[in-house]
Amino acid sequence: MASSGMLGTFRLPPLPTIREIIKLFGLRAVKQLSQNFLLDLRLTDKIVRKAGNLAGVYVYEVGPGPGGITRSILNANIAELLVVEKDTRFIPGLQMLSDAAPGRLRIVHGDVLTYKIEKAFPNHVRRQWEDDPPNVHIIGNLPFSVSTPLIIKWLENVSLKNGPFTYGRTKMTLTFQKEVAEVDVGVVHFTPLIQPKIEQPFKLVEKVVQYAFQFRRKYCHQGLGMLFPKAQRLENTGKLLQLADIDPTLRPIHLSLMHFKSLCDVYRKMCDEDPQLFTYNFREELKQKRRKGQEKGDDTAEEC
Ligand SMILES: C[S@@+](CC[C@H](N)C(=O)[O-])C[C@H]1O[C@@H](n2cnc3c(N)ncnc32)[C@H](O)[C@@H]1O
């Protein structure tokens with residue numbers, strides 16, 4: 001049973017099952033869009049329970065599709081649910097849910113990568129960053145192709161306290177599918193920290209992490225070395241790893257959060273000493289070398 005409290009208990013009335021909705025509206029999953037639907041209400045209830053007590057909470061669901069998770073959220077006594085779905089085919093099925101839950105479900109036909117959530121919920125839910133998290137929660141089951149750029153965008157939003165984090169330290173409960181069409185999903189719960197573990201600009205942290213994982217099966221010095229122009233690569237990579245106190249033969253997956261903190265702090269100092277360093281991009285250097293090689297009729301341009 002959903003909790004009651006001041007809002008009163010709400011349960012959706014009997015509705016066609018998700019399977020029937022899919023049949024009714026001809027909603028075949030589009031493989032190219034990595035669509036894959038959760039049909040079992042017990043599973044979607046379990047995912048939503050991972051979000052904690054949602055009574056009185058404003059929920060933002062990304063990519064509701066035929067509405068399995070949506071139903072479980074609506075049964076959790078929430079204050080309001082806003083869903084953003086890109087594929088028009090799902091809108092009529094979602095509309096049916098909205099009719100069954102008057103005043104509780106808002107449907108937006110749009111793209112979660114561009115949708116501006118910062119004005120969607122009432123002002124009174126906003127909290128100071130240092131306060132407890134606001135009564136706003138993001139929930140979603142998206143394919144990797146969307147969840148990866150979205151998570152990176154949200155992490156940047158956390159660092160800037162904007163987007164969904166204009167409300168405060170908004171919590172997120174997201175499922176990550178291992179493979180397309182695989183029913184197994186991992187549920188990951190995020191709550192932004194009051195104080196970041198790495199106190200450097202997001203773009204710098206992103207660059208260091210991205211480069212460290214450039215060659216994920218090799219030693220970390222190889223990917224990290226690409227942070228530096230070839231002419232000073234050996235010397236600067238040695239300096240970075242030495243000052244950060246990191247064994248160059250560690251693999252990227254064995255680097256801890258504290259390793260990344262040291263790497264980012266040392267790299268920041270190196271960028272402060274050489275203001276052109278941060279904009280250096282080894283791919284650009286490689287492209288220029290290839291271009292020059294082609295101009296000279298030499299297609300054996302040196303690798304960066
Ligand atoms: C993996 S399906 C999951 C559907 C549903 N949440 C479920 O669990 O059964 C992902 C859903 O996200 C939608 N989607 C994908 N990219 C999107 C985007 N950029 N903006 C909004 N919705 C998107 C798809 O159309 C699809 O409905």
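These numbers were taken from a predicted model, which means no experiment stands behind them. Note that ligands are numbered from 1 as they come in the structure, with each ligand's atoms numbered from 1 the same way. Residue numbers run from 1 in the order of the sequence given.
At least one donor-acceptor pair under 3.5 Å links the side chain of His109 to the backbone N or O of Lys86. When atom types are taken as modelled, the side chain of Ser72 and the backbone of Asp45 share a donor-acceptor pair closer than 3.5 angstrom. A donor-acceptor pair is defined here as one N or O able to donate and one able to accept, closer than 3.5 Å; such a pair exists between the side chain of Thr170 and the backbone of Pro164. Side-chain N or O atoms of Ser98 include none that pairs as donor or acceptor with a backbone N or O of Leu94 at under 3.5 Å.
Counting only non-hydrogen atoms, the option in Arg89, Glu61, Glu85 that gets closest to atom 13 (C) of ligand 1 is Glu85.
Atoms of ligand 1 found under 4.0 Å from any heavy atom of Gly110 (numbered from 1 in listed order, with element): 20 (N), 21 (C). Atoms of ligand 1 found under 4.0 Å from any heavy atom of Asp87, numbered from 1 in the order shown, are 25 (O). Residue-ligand proximity, Val84 to ligand 1, at heavy-atom distances under 4.0 Å covers atoms 21 (C), 22 (N). Listed by number with element, the atoms of ligand 1 under 4.0 angstrom from any heavy atom of Leu142 are 12 (O). Listed by number with element, the atoms of ligand 1 under 4.0 Å from a non-hydrogen atom of Asn36 are 1 (C), 2 (S), 3 (C). Near Phe90, meaning under 4.0 Å from any of its heavy atoms, are these atoms of ligand 1: 25 (O), 27 (O).
Looking at Ile69 against ligand 1, only its side chain comes within 4.0 Å, counting heavy atoms. In Tyr115, neither the side chain nor the backbone holds a heavy atom less than 4.0 Å from any atom of ligand 1. The parts of Asp111 lying near ligand 1 are both backbone and side chain, judged by heavy-atom distances below 4.0 Å.
Inspection of the Tyr280 and Glu285 side chains reveals an N or O donor paired with an N or O acceptor under 3.5 Å. Between the side chains of His259 and Ser256, at least one donor N or O lies within less than 3.5 Å of an accepting N or O. For the residue pair Thr173 and His189, a side-chain donor N or O sits within less than 3.5 Å of a side-chain acceptor on the partner.
A parallel orientation is assigned to the rings of Phe260 and Phe213, their planes being inclined by less than 30° (bins at 30° and 60°).
Residue contacts with ligand 1: Pro66 is placed with no nitrogen or oxygen under 3.5 Å of a nitrogen or oxygen of the ligand (distance criterion only). At a 3.5 angstrom cut-off on N or O pairs, Phe37 does not count as close to ligand 1.
Distances shorter than 4.0 angstrom do not occur between any heavy atom of Ser145 and any atom of ligand 1. Not close to ligand 1: Gly68, with no non-hydrogen atom less than 4.0 angstrom away.
Just one of Lys261, Lys269, Arg268 meets the side chain to side chain donor-acceptor pair (under 3.5 Å) condition when paired with Asp265; it is Lys261.
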